[in-house]
Novice: 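Sharing a structure with you now.
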Amino acid sequence: MKFFKNEMVVEFFEDKLAVGGLVIFLILSVFALFPSLFSYQNPYDLTQLFLENSFQPPNHNFWLGTDEQGRDVFSAMIYGLRISLYVGLASTILSVIIGYTLGLISGYYGGWIDTIIMRIADIQLSFPAILIALIIMALWGEGIGKIVIAITIVNWVYYARTARGVVLSEKEKDYAQSAKALGMSNFGIIFGEILPNTTAPIIVIATVRIANAIILEATLSFLGLGVPITQPSLGSLIANGYQVLFSGYWWASVYPGILLMVLIISINLIGDRMRDVMNPRLKR
Amino acid sequence: MKRLTVAVAALALVGTMGVAKTLKVGLASGAYTMDPQAFNETATNSILSNIFDTLVRFDENIKVHPDLAESWTNPEPKVWIIKLRKGVKFHNGNAFNADDVVFTFNRIKNWKKSGFKGKVSMIDKVEKIDDYTVKFITKKAFPVFLRKLTYVNMLDKETVEGKSDEWIGLHPIGTGPYKFVLWRKGDQIKFKANPDYWAGKPKFDDLIFRVLSNNATRTAAILSGEVDIINRVPVVDVNRIKSNDKLNTFVKPGLRLIYLQMDQFREKSPYVKTSDGKNPFLDVRVRRALYYGINEDAIIKFIMKGFAAPAAQFHPDVVVGYDPTIKRVKYDPAKAKKLLAQAGYPNGFSVVLDAPNNRYINDAQIAQAVASSLAKIGIKVKVNATPKSSFFPRTAKQDTSFFLIGWASSDGDGSSMLDGVVHSKDDVKGYGRYNNGKYSNADVDRLIEESDANMNPASRVKEMREAQQIAIVKDQSIIPLHYQVDIYASSKKIKFVPRTDSRIWAFDIK
Amino acid sequence: MLKYILNRLFHSAIVMFVISFIVFFIMFKAGDPVQLLLPPDATQQDVIEMRHALGIDQSFIKQYEAFLRNVAKGNLGNSFVYGQPALDVVFERLPATLELSVLAMIFSIIFGVPLGIIASIRPKAWYSKAIMFLSLSGISVPVFWTGMVLVLVFSVLLGWLPSSGRGEVYLFTSAFTWDGIKHLIMPVLTLSFFQLALILRLTRTGMMEVMMQDYIKLATAKGVPRRVVVYYHALKNSLIPLITVIGIQFGQLVAFTIVTETIFAWPGTGKLIIDSIQNLDRPIVVAYLLIISFIFVAINFIVDVLYTFVDPRVRV
Amino acid sequence: MALLEVKNLKTYFFTRNGVVKSVDGTSFSIEKGEILGIVGESGAGKSITGFSILGLIDPPGEIVEGEINFDGRDLVKLSQEELQKIRGDEISMIFQDPQTSLNPVITIGEQLMEAILYHKKGVSKKDAYNTCVEILKTVGLPAAQKRMKSYPHQLSGGMKQRVVIAMALLNNPKLLIADEPTTALDVTIQAQILYLMKKLSKEFHSALILITHDIAVVSQLCDKIAVMYAGRIVEYGKKEDVIFNPLHPYTKGLIECLPKLNDDKKRLYQIPGIMPSLLGLPKGCYFKDRCEFADEQCDVYPPQQEIDKRIVFCHKVK
């Protein structure tokens, strides 16, 4: 198993684009983890904002210009990156935990538990994700915690489905059967035996879904239903700047937009490569 | 050669006569219905004003002028006799007469879904005296009567009676300068000239309203010539439009005041954190400190790009009840800090400022700027800007401690704001529905109630000013920020007339 | 077959019932639309009367019961704001939305499938890598960002294309007039960018998997020209999973018109739903969501039918 | 002159983990109408040899050396377009698994007719159709006309294999390569199919290369036998010689494995050990680790020896 993993790691690093993606992602993560080290001002601290600095084009004080509140776009981007990443990661982790647990239970026990969970999933999947999130956010109002929950509600289904499918095939395999024969508890079998054998597909899906969650958050924020502009994510920075994009103050939305693109592309490069590496069907 | 001349002449003829003249207007929002009595909302009212006539109409400076009413008398405080214009026809050829007036008022009074009830609620009875004379009896003496009538569009009794509300909502037939052609919802509304309009044929053969709700696209549309006029020019785009030599811009002071209101009725307010656990807004010194501590000049300069007028009271100068002696205080953070210290909050306190983010011009940005200003006098403000769909229900439930909101004195009379925002909340008498900070002062209440029934304009204004003196200067019940201004842009090919009531009245446009 | 269809219809009806209940409940909880419908100078009495007239002063159960009664009569109630039957309001705007979605889907397929095939044949070639990188950008760029950049470049800077509206409409669509087409280009491109990339990637993966199959090797061993092997033998097989995806994605496209329509002021249902949510116009929101889920159900059904044509193995 | 002469063929796969020498210097030949059996364990390079002849090696595989002389042309040097004309016409191939070798979404008829229409320009669809029906009858498929309209999933495994065989015979090829044509089938059907193949190859005067792991099959059908081990031929000669007098210890082992009718007391013999991984081949003779005769001499790869018109690679054969 260890060797296998190592081989995957080696294989991962053979793709230059994927390595590039990983490097960029790591750099951005450092920025997001320690925003105060890299930014000129704390965009949340209102005592640091002065309207007199409103809409300054990029200059030596404000590298990427300022927005209408006199907020330094570069600093706001770094803090925004932090929030975008946080929303993407938090919602993905939450949906993995919830969706995966429900999927494992659903697949392992079957019966009415399975029916109920999968019916709920069906109903939710018969509906575009963005609409669900949109309605939730429109009625709850903006907020980082709220958007994490909204995205979790939207995304758990995908993991539940995958986990269920994997469990259905895994539980028939020898190791699970023998664990049962040895008198292991259901809980033990699910989380001790089956879970470790089903992580690969989940990791791949989760990586791609982080990118999706970030896009969803940005889109909702763009529609004015995501993260408040007082604690801007990249999406709400773009939305805020979009109001003045055509008035000549392009820097307020173009730079956050580019950073968002770079972030998502880097995550997708990693996800793509992981899928290739972990998908035995595409290998000979 | 001769032939050529003829051809050129023919072409010129086609140019002046054959080609229909079209006026294209780009609006920030469109109409919700074609029923002039359903939804009382500025954009819908503005569009429908081109189809329907009212008994009296505001001019561009919100003075009352005769429209379908030729003249009126007020023999007793509660009685108004109105003489109707003769020979006026609806678009379907039916004659306009007193029956239509009585029908129209009764429809609003009896139709529970009408948004115009507030305009007729003081009217007790409408009676036909003869075909061209109508008598109105009000519940009490009602000085704002005529101004309220400017919102009551005349319907044709024969056409409308017995029709479903849905039908009326799609088939507008009025007596106005333009006739309805088509309505592609969310996209455009098309009218054509009514050649039989009683005041003469309109200048334009076709009138098209296009809905361009996105600020950027609206600007792009006027710059590219897709439309001839736009309203609500984004403040950040004004200079760009000004620099285009084919376009004019117009700045017209509006009626809407943007102000801050705060919880003035609870000992403990839900969204305030203070050292002593009390509601600081109960102390007038704190309220006044906020007034001194907000750098409104900077907000106007940087957020509104200069397109707003600083406010010191409830109404702008065109509104009845304006008090020229009330002046805005100078931004003075030091004084604000001193006042806070006197009130027992030398280190300030923290509070959530609620604001809508899709209702007023730059609403969320203004709230942030307010927060940024107050941060400098030690008050930590967290801005909670939400869509109007969650903002208004919250304020209605007083689920807020401090909020940014707006009020337009749409009648051109100060009574609406005094009644709705300043008078103590009193659902039985119908006062203070928007007074969600629940400011209450018995003297102010008395003055407002007296002025509401005072038919003597001079003493009435005096009472209104007195109420303001107490509510603003003494009690600082709200913190006025600024009056919005309406900004329009139009092609230089046409002569546009901006109006105080924010409507686009195409008949005046040449 | 008939039994199958009836079964499907029954299940869909249940799903739609549940959706109506949930949405109705959420909107019920959301707040009082009368606060937004009446002008500030209305009195509390007006508020009470309006609430009564709209039937929103009743308990939730009563309101939902009234809603179901209306549904039985084929009516989803009148819009609070527009005063018109909610279904009419949505249906009136639906052609504009479907026009965008259908054209975007066609565009995505026309370009996505061939590019996906090209990238699958020689996955190591530079052009395959270029296509794949572009498609990665395609799925990485949010729809609104694409739209913004297009407007900035083609409307504001170059002035070639109109930035908003639907243009001249002829027979339900603007695709038949030059003015209409000019208005369509950017919204359709914006909407299809993501889909194109997705379809491209799925086509490629599908083709690569199919190309490894024995029957492809046998077809080659039989002397069938490469071109035929790829575009007939392989493509026909990889189309099958693609049809499912295109079906699901069509629903997503319809939903994503919300963003596109917001940017391009396109008078479709996307703008309508945003406005209606903000106005708390429950009948419209419920009607819209029911119609959308009906479209989803219908598409799934069409996909199933298509399957029986493309895949002989599932013929019923 | 031989119909097909393979000389020193080397087909390597350049994988991430190293170069896999699937076929490493193989030579053999086959005459018109002859049947050659290539025997060996799975992974010995038999199938790759077959695919190499048809030029069906996909990256990362590549023919790195050798000649494949067929009817006066070196197939290795031909372009894909030229090969395409030969494939299915002059040389055709039958795959191992009938379940996966037919395209599931195309009718049997279309898949058959294709083989004619892409080779014989000017043949009408109707003639092609008739030919296909005829050939289906020849391979013993009942209700041939109905089968033309069928899809593969509507046929049983044996029927499918008959279709695949019919497909290979359509253009009366000079050389037929059958890659384990019966492994995926039931035992009773195996015999039928094998008999059919032998009959047909004689009838059509085709040379046949039968690739199999089953030496019993080879001993029944073939004229010549090539035994492959770890990418190389270790013994090559006439059937009678190889079967009755195997020289190479590996061949001997294979034959020992065969159950003998008159000797049921003895336990079935097994060659000890497994074939080495192609990535970790031992120095010297690849078979030495499993060979009871191996000694220091075997640390050098044995040279080719020709004994009684037989070729064998083993130090121990004199």
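Please read all numbers here as calculations on a predicted model, not as lab measurements. Residue numbers start from 1 in every chain, and the chains themselves are labelled A, B, ... in the order their sequence lines are given, proteins ahead of strands.
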Novice: Do Ser155(C) side-chain atoms and Leu161(C) backbone N/O form a donor-acceptor pair below 3.5 Å?
Specialist: yes

Novice: Between Trp407(B) and chain C, with a heavy-atom cut-off of 4.5 Å, which part of the residue counts as in contact: side chain, backbone, both or neither?
Specialist: side chain

Novice: Counting heavy-atom pairs closer than 4.5 Å to chain B, which one of Glu261(C), Arg93(C), Lys271(C) comes out on top?
Specialist: Arg93(C)

Novice: With only heavy atoms counted, which part of Arg184(B) is less than 4.5 Å from chain C, the side chain, the backbone, both or neither?
Specialist: side chain

Novice: Where on Asp426(B) is there a heavy atom nearer than 4.5 Å to chain C: the side chain, the backbone, both, or neither?
Specialist: neither

Novice: Under a 4.5 Å cutoff for heavy-atom pairs, which residue among His52(C), Gln278(C), Met50(C) has the most contacts with chain B?
Specialist: Gln278(C)

Novice: Side chain, backbone, both or neither: which part of Leu223(B) has a non-hydrogen atom closer than 4.5 Å to chain C?
Specialist: neither

Novice: Checking Tyr32(B) against chain C: side chain, backbone, both or neither under 4.5 Å from a heavy atom?
Specialist: both

Novice: Return yes if some donor-acceptor pair links the side-chain N/O of Tyr360(B) with the main-chain N/O of Gly406(B) below 3.5 Å, else return no.
Specialist: yes

Novice: Can the ring centres of Tyr64(C) and Phe67(C) be said to be less than 6.0 Å apart?
Specialist: yes

Novice: Does the side chain of Leu404(B) come within less than 4.5 Å of Asp354(B)'s, by heavy atoms?
Specialist: no

Novice: Kindly indicate whether a cation-pi arrangement holds for Lys185(B) with Trp183(B), taking the cut-offs as under 6.0 Å to the six-membered ring centre and within 45° of the axis.
Specialist: yes

